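Throughout, numbering of the chain's residues begins at 1 and tracks the sequence. Bear in mind that the values here come from a model prediction, so they are computed numbers and not experimental data.
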Amino acid sequence: MVKTILKEVKDYTADSIKTPLYMLLEVAMEMVIPLLMANIIDEGVNKGDMSVIYTTGALMLVMAGIGLFAGLRGGDTGARASAGLAKNLRQTMFERIQTFSFSNIDKFSSASLITRLTTDVTNIQNAYQMVLRLGARAPASLIVAMIMSFIISPELASVYLVAVIVLGIILTIGLLSVRKIFSVLFERYDKLNNSVQENITGMRVVKAYVREEHEKSKFSEASMRLARQFKKGEGIIAFTAPVMMFAIYGCILVISWLGANMIVSETLTTGELVSMLAYCMNILISLMMLSVIFLMIAISTASMKRVSEVLTEEADIVNPENPIEEVPDGSIDFREVDFSYNQDGSGKVLENVSLHINKGETIGIIGGTGSGKTTLVNLISRLYDVNSGEVLVGGVNVKNYDLAVLRKEVSHVLQANVLFSGTIYENLRWGDVDATDEECEKMCKLACADEFIERMPEGYNTKIEQGGTNVSGGQRQRLCIARALLRKPKVLILDDSTSAVDTSTDAKIRKAFREEIPGTTKIIIAQRVSSVQDADRIIVMDDGAITGIGTHEELLINNDIYKDVYESQTGAGSGDFDEAGSEE
């Protein structure tokens, strides 16, 4: 886990090395100053020798200046190294997420991934900076101060030693407890973020169903659980501060009392007592620094684990060795395909599916909820891989293609139509970054999107808000279809992508497909029979299996499910797909 995180230091290695070196230089200067103070008191003040005071005082100023320089440089390089690590972690995580297949993404909720990219990386950044700056400084300061104290007075130094041991035990117990608490805390962060994201994304539904109070209550409960966990952890952390201060002032009192007796008995000089008090502060402050380091490590350990999970997650759909770089045509074959979303293959969504689609053919797919329609077409562009059997495009197994090439030639308009912030032109060019304005406008005409775009004040330069919230559902669908057409694919898949479009516009889009892209294989998933009845063939699916294939007329005669649905949509029969279907 730690090794995985530290790999991302990369070009900030030099700063990571310089920081502890600067800190050690600062410690060296701090450790010399108490000795110089003792010399001023014993040799200068007590003996009335001003030359010693001036000379030693000047040397102390030089040492303090060097220590200040080292501290400033260490702070600068430490900040640069930790910020660089955070930048690299986020970049690598984001790039890693882009390689994930749908099944990889299914393992992490979007809210969890956002928390890992933000809060978790920030925790790691803070801990890394703390370790670089104090990880070398605190132990070095503690050890050197302890050695110097024993050299001056073993009897007084024993007081430090006992205090360090007792405090070390107390802090270790406390920090182990904090680590467990923060491990649970980040899981609750995910749940809170998930609640926020769900609420904001579905704000229109919340208002439509007047569920504001319910959502506020749900958020309040999640927030309260998080607050209680924080309070528990912060309570333990807060306990350490007064314990540390009690130890510091207790040691000062004991050393002052013992030291005064030793001065009276002339076994210790005044200057040496001052040095011992200075080293006392150094030792106990170093111990406090160590407790802060361990605390940050305890908090960041949970974050490191979560970030490492993303960094080490292997994409289960990758390019093969020597991938095929060209798709010959849009023909599609399914050969005895089984598929399940479960790793162990249980709960099959598709079972023993065999199918051949000719290039340029228009295929309609119809079926109830959970019948496997979307799953079937997702296998064509290799958004998921089959459990057994094979899927071929252009006579070649999809596993043998370069993924980018395959997905460029198999253009997929998903059920959830997503537009991004930017102009209409910018959104359309997701299909082809080099598309001209004329090409964009032509595809919008094919998708019947030009009708509403031309009515907009800025036309194709109209800004689309995040998620496409300033256009209707039907307009969003037509823009997504136009975007897919710009890829000039060999296979075009419309996954219920005209559900929000009126039947007249739907018919115009299908007519444009027949006339303008006859060589493209078109697969149309729909709930309306009218959207697929003029297809070359229609596939009827039920419970993960194909129950019928044929033209509209053939299925009306041979397939009871299709006939029932058709009659219901034209005024007779029950026609409910889901009477025989199951949930997908």
Side-chain angles (χ1 to χ4, degrees), residues 14-81 129-157 159-161 163-164 244-245 247-249 251-252 255-256 259 262-263 268-293:
D15 286 322
S16 298
I17 294 171
K18 289 177 185 176
T19 302
L21 293 177
Y22 280 127
M23 293 298 100
L24 290 174
L25 177 59
E26 185 182 22
V27 168
M29 297 302 101
E30 287 181 355
M31 292 301 103
V32 172
I33 287 174
L35 294 177
L36 296 176
M37 288 171 58
N39 187 61
I40 285 179
I41 293 169
D42 292 337
E43 301 299 325
V45 176
N46 290 344
K47 294 182 180 180
D49 190 340
M50 293 302 296
S51 63
V52 172
I53 295 174
Y54 290 140
T55 304
T56 309
L59 187 57
M60 286 177 66
L61 284 174
V62 172
M63 295 294 181
I66 294 172
L68 176 63
F69 169 79
L72 291 173
R73 291 298 302 147
D76 179 60
T77 54
R80 194 159 53 237
Q129 183 176 25
M130 197 74 72
V131 168
L132 288 181
R133 295 186 61 192
L134 303 183
R137 189 187 194 288
S141 180
L142 190 150
I143 292 168
V144 174
M146 188 68 75
I147 291 171
M148 298 301 292
S149 298
F150 271 98
I151 291 173
I152 295 170
S153 174
E155 183 180 348
L156 292 180
V159 176
Y160 305 158
L161 190 58
V164 167
M244 293 292 295
M245 295 309 296
I248 290 172
Y249 291 118
C251 284
I252 289 172
I255 290 168
S256 297
M262 293 173 71
I263 290 172
L268 188 75
T269 68
T270 305
E272 287 173 336
L273 176 59
V274 172
S275 297
M276 290 296 290
L277 290 172
Y279 286 129
C280 173
M281 291 298 293
N282 277 325
I283 289 169
L284 296 174
I285 289 173
S286 296
L287 191 61
M288 188 177 287
M289 289 179 184
L290 285 173
S291 71
V292 173
I293 294 171

- With a 4.5 Å heavy-atom cut-off, do N282 and M31 have their side chains touching?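 Side chain of N282 against side chain of M31, heavy atoms only: contact under 4.5 Å found.
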
- Task: Could you check if a side-chain atom of R137 sits within less than 4.5 angstrom of a side-chain atom of E30, using non-hydrogen atoms only?
- Result: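 Heavy-atom side-chain distance check passes, below 4.5 Å.
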
With a 3.5 Å cut-off and sequence neighbours excluded, list the donor-acceptor pairs that the side chains of residues 143-150 form with protein atoms.
unit_1 : atom_1 : unit_2 : atom_2 : d
S149   : OG     : A145   : O      : 2.8

What residues, two or more places apart in sequence or in another chain, satisfy side chain to side chain contact (heavy atoms under 4.5 Å, CB included) together with [X]?
X	result
I53	I40, V45, M50
S153	E155, L156, M262, L268, M276
L21	I17
R133	T19, M23, Q129

As an exercise, state the distance from [atom1] of [X] to [atom2] of [Y], rounded to the nearest 0.5 Å.
X	Y	atom1	atom2	value
L132	D15	CG	CG	9.5 Å
M29	L36	CE	CG	10.0 Å
E26	I66	CD	CD1	12.0 Å
S141	L24	OG	CG	10.5 Å

- Heavy-atom pair with the smallest gap, counting every atom of P20 and S16: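 Of all heavy-atom pairs spanning P20 and S16, the closest is CD-O, 3.0 Å.
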
- Between S275 and I152, which heavy-atom pair has the shortest distance, and what is it?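 Of all heavy-atom pairs spanning S275 and I152, the closest is CB-CD1, 4.0 Å.
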
Under 3.5 Å, side-chain donor or acceptor atoms of residues 54-64 against the rest of the protein: list the pairs with distances, not counting sequence neighbours.
unit_1 : atom_1 : unit_2 : atom_2 : d
T55    : OG1    : S51    : O      : 2.7
T56    : OG1    : N39    : ND2    : 3.1
T56    : OG1    : V52    : O      : 2.8

